[in-house]
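Residue numbers count from 1 along this sequence.
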Amino acid sequence: MIKRWIVENDVDNKESYPQIVDAARILRENEVVAFPTETVYGLGANAKSDVAVDKIFKAKGRPSDNPLIVHISNKTQLKELVEEIPAAAEKLISAYWPGPLTLIFHKKDGVFSEKVTAGLDTVAIRMPDHPVALAIIEESGLPIAAPSANRSGKPSPTTAQHVIDDLEDRIIGVVDGGETGVGVESTVVDCTGSVPVILRPGGVTKEQLQEVVGEVGVDPSLKEGKGAPKSPGMKYTHYAPDAPVYLVDGTRGDVQKLVDEKKSEGLKAGVLTTDEFVDDYRADVVLSVGRRDDLNTVAHGLYDTLRAFNDRDVDIIFAEMFPEEGVGLAIMNRLHKAAGYRVIKS
């Protein structure tokens with residue numbers, strides 16, 4: 001039976017929370033523990049231990065060439081882990097740490113398990129903006145490798161129950177700090193070159209990054225998911241519900257035609273839409289992911305909505321598309337991966 005430690009999100013004195021002390025002890029024993037961050041629930045393990053990191057890959061069924069993000073609890077830890085902190089990284093750290101921003105650095109040799117970095121000479125590091133996560137990491141005394149706490153390829157977990165649904169027989173426990181906030185994972189930015197480059201869009205937008213450091217590039221492989229991944233989320237199908245997802249580049253009428261075609265074939269069709277248009281469709285299942293006039297609500301509800309289609313037992317899902325501006329870039333990145341890059345153009 002998986003342990004479920006329930007804690008309040010306003011942790012200010014970890015000594016008052018034996019659950020956190022217990023979870024940190026298990027991490028020091030090179031076991032894996034899930035815990036909340038401000039983005040999604042992470043599956044944590046000692047980033048220095050091959051034994052511990054192996055347990056992440058086994059629990060998730062994750063390909064071994066997919067690197068992991070290392071989580072720290074304070075900025076001073078960084079100097080112990082990386083060769084240098086470039087000027088652009090310093091600026092981004094000052095602006096967005098703690099927060100949903102992961103930065104790529106040249107790693108120090110002999111610090112991390114090679115399994116964390118997938119054999120690369122770089123490492124992805126972030127400082128989460130969640131009191132429970134920070135308390136657990138600090139209490140453990142370790143850098144903690146923590147991908148999302150779900151089966152590989154499935155929608156990321158935004159509640160402890162999602163973690164239990166996916167990993168109940170695979171991990172020792174989950175620290176339940178309630179529902180997460182941002183909903184999509186952190187933005188990953190490569191700071192090892194002359195210009196910072198977004199490897200994965202997320203909770204900090206390109207526009208926000210540019211306000212701090214000026215020019216910011218976007219890795220061209222984001223759309224195709226090809227090449228050796230330098231960051232989590234750059235390869236493989238992710239975030240997918242059980243039924244196949246198709247993005248529809250067209251009108252709501254185009255979506256309805258596709259639904260009608262599948263229903264005529266005897267299939268149970270679902271539509272992923274927003275509050276504004278949820279009543280416009282005649283489908284077996286119509287789910288709203290948030291409000292189109294506030295894409296932050298879409299980012300927050302995306303994974304929960306994708307998981308909800310599993311409970312409705314649909315055969316196929318048609319999803320509306322969103323403008324790739326602001327957090328919309330992260331939303332569309334996740335939807336493209338959930339759909340395996342299948343787009344129907346009308």
Evaluation steps, side-chain contact (heavy atoms from CB on, under 4.5 Å), between Leu306 and Arg334:
CA-CA 11 Å; Leu306 289 172; Arg334 303 317 193 267; over 6 Å; no
Using a 3.5 Å distance criterion without hydrogens, assess whether the side chain of Gln256 forms a donor-acceptor pair with backbone atoms of Arg282.
yes
Does any pair with a residue in residues 267-303 pass ring-ring contact (aromatic ring centres under 6.0 Å, His included), and if so which ones, sequence neighbours excluded?
Tyr239-Tyr303
Of Val204, Leu209, Thr187, which is the lone residue that meets side-chain contact (heavy atoms from CB on, under 4.5 Å) with Leu92?
Leu209
Between the main-chain N or O of Pro155 and the side-chain N or O of Arg307, is there a donor-acceptor pair closer than 3.5 Å?
yes
Which residues share a salt bridge (charged side-chain N to carboxylate O under 4.0 Å, His left out) with Lys115, sequence neighbours left out:
Asp54
Do any pairs count as a salt bridge (Lys or Arg N to Asp or Glu O under 4.0 Å) and have a residue in residues 29-53, sequence neighbours left out, and if so which ones?
Arg25-Glu29, Glu31-Lys55, Glu38-Arg126
Gap separating the CZ atom of Arg151 from the CG atom of Asp165, nearest 0.5 angstrom
10.5 Å
Do Pro18 and Trp5 have side-chain heavy atoms sitting under 4.5 Å apart?
no
Answer yes or no: is there a donor N or O on one side and an acceptor on the other, between the side chain of Gln77 and the main chain of Asn74, under 3.5 Å?
yes
Correct closest heavy-atom pair for Ala133 and Pro128 would be CB-CG, 4.0 Å
Ser140 side chain to Leu142 main-chain N or O, any donor-acceptor pair under 3.5 Å?
yes
Candidates Val197, Ile69, Ile198 - the one meeting side-chain contact (heavy atoms from CB on, under 4.5 Å) with Val188
Ile69
With Glu261 via salt bridge (charged side-chain N to carboxylate O under 4.0 Å, His left out) - residues at least two apart:
none
Indicate yes or no: at least one non-hydrogen side-chain atom of Tyr96 is less than 4.5 angstrom from one of Val189.
no
Looking at NE2 of His71 and CD1 of Ile125, how far apart are the two atoms once the value is rounded to the nearest 0.5 Å?
11.0 Å
Does anything in residues 78-93 pair up under salt bridge (Lys or Arg N to Asp or Glu O under 4.0 Å), and if so which pairs, sequence neighbours excluded?
none
Can you list the steps and then say if Thr274 with Glu276 is a side-chain hydrogen bond (donor to acceptor under 3.5 Å, both in side chains)?
CA-CA 5 Å; Thr274 58; Glu276 293 91 335; 3.0 Å; yes
Sequence-distant partners of Gln19, side chain to side chain donor-acceptor pair (under 3.5 Å), two or more places apart:
none
I'd like to know whether Leu167 forms a side-chain contact (heavy atoms from CB on, under 4.5 Å) with Tyr41, so could you lay out the CA-CA distance, the side-chain angles of the two residues, the decisive distance to 0.1 Å, and finally the verdict.
CA-CA 12 Å; Leu167 301 176; Tyr41 272 72; over 6 Å; no
Can you name the salt bridge (charged side-chain N to carboxylate O under 4.0 Å, His left out) partners of Asp284, sequence neighbours left out?
none
Tell me whether Ser73 contacts the main-chain N or O of Leu134 through its side chain, where contact means a donor paired with an acceptor under 3.5 Å.
no
Any Ser156 side-chain heavy atom under 4.5 Å of His162 side chain:
no
Is the side chain of Lys262 donor-acceptor paired with the backbone N or O of Gly270 at a distance under 3.5 Å, no angle test?
no
When you compare the side chain of Ile2 with that of Ile171, does any pair of heavy atoms fall below 4.5 Å?
yes
Does anything in residues 106-146 pair up under ring-ring contact (aromatic ring centres under 6.0 Å, His included), and if so which pairs, sequence neighbours excluded?
none
Apply ring pair (Phe, Tyr, Trp, His ring centres under 6.0 Å) to Phe318 and list each qualifying residue two or more places apart in sequence or on a separate chain.
none
For Thr305, side chain to side chain donor-acceptor pair (under 3.5 Å) partners two or more places apart
none
Using 4.0 Å as the upper bound for N to carboxylate O, is an ion pair formed by Arg4 and Glu168?
no
Side chains of Val248 and Ser346: closer than 4.5 Å at any heavy-atom pair?
yes
Under the salt bridge (Lys or Arg N to Asp or Glu O under 4.0 Å) definition, can you give me all pairs with a residue in residues 286-305, not counting sequence neighbours?
Arg291-Asp293, Arg291-Asp294, Arg292-Glu320
Side-chain heavy atoms of Val70 within contact of Val123, under 4.5 Å
yes
Do any pairs count as a salt bridge (Lys or Arg N to Asp or Glu O under 4.0 Å) and have a residue in residues 239-259, sequence neighbours left out, and if so which ones?
Lys154-Asp242, Asp249-Lys345, Arg252-Asp280
Do you see a donor-acceptor pair shorter than 3.5 Å between the side chains of Thr102 and Ser186?
yes
CG on Leu27 to CD1 on Ile144, rounded to 0.5 Å:
4.5 Å
Taking Val21's backbone N and O only, do any of them form a donor-acceptor pair with Glu139's side chain (distance below 3.5 Å, no angle check)?
no
Indicate yes or no: at least one non-hydrogen side-chain atom of Asp121 is less than 4.5 angstrom from one of Thr192.
no
Checking Arg342 side chain against Val245 main chain: does a donor-acceptor pair fall under 3.5 Å?
yes
Do Pro147 and Asn66 come close enough that some side-chain heavy atom pair is under 4.5 Å?
no
Using side-chain contact (heavy atoms from CB on, under 4.5 Å), reason through Arg170 and Lys58 one step at a time and then give a plain yes or no.
CA-CA 8 Å; Arg170 296 178 173 226; Lys58 288 177 181 176; over 6 Å; no
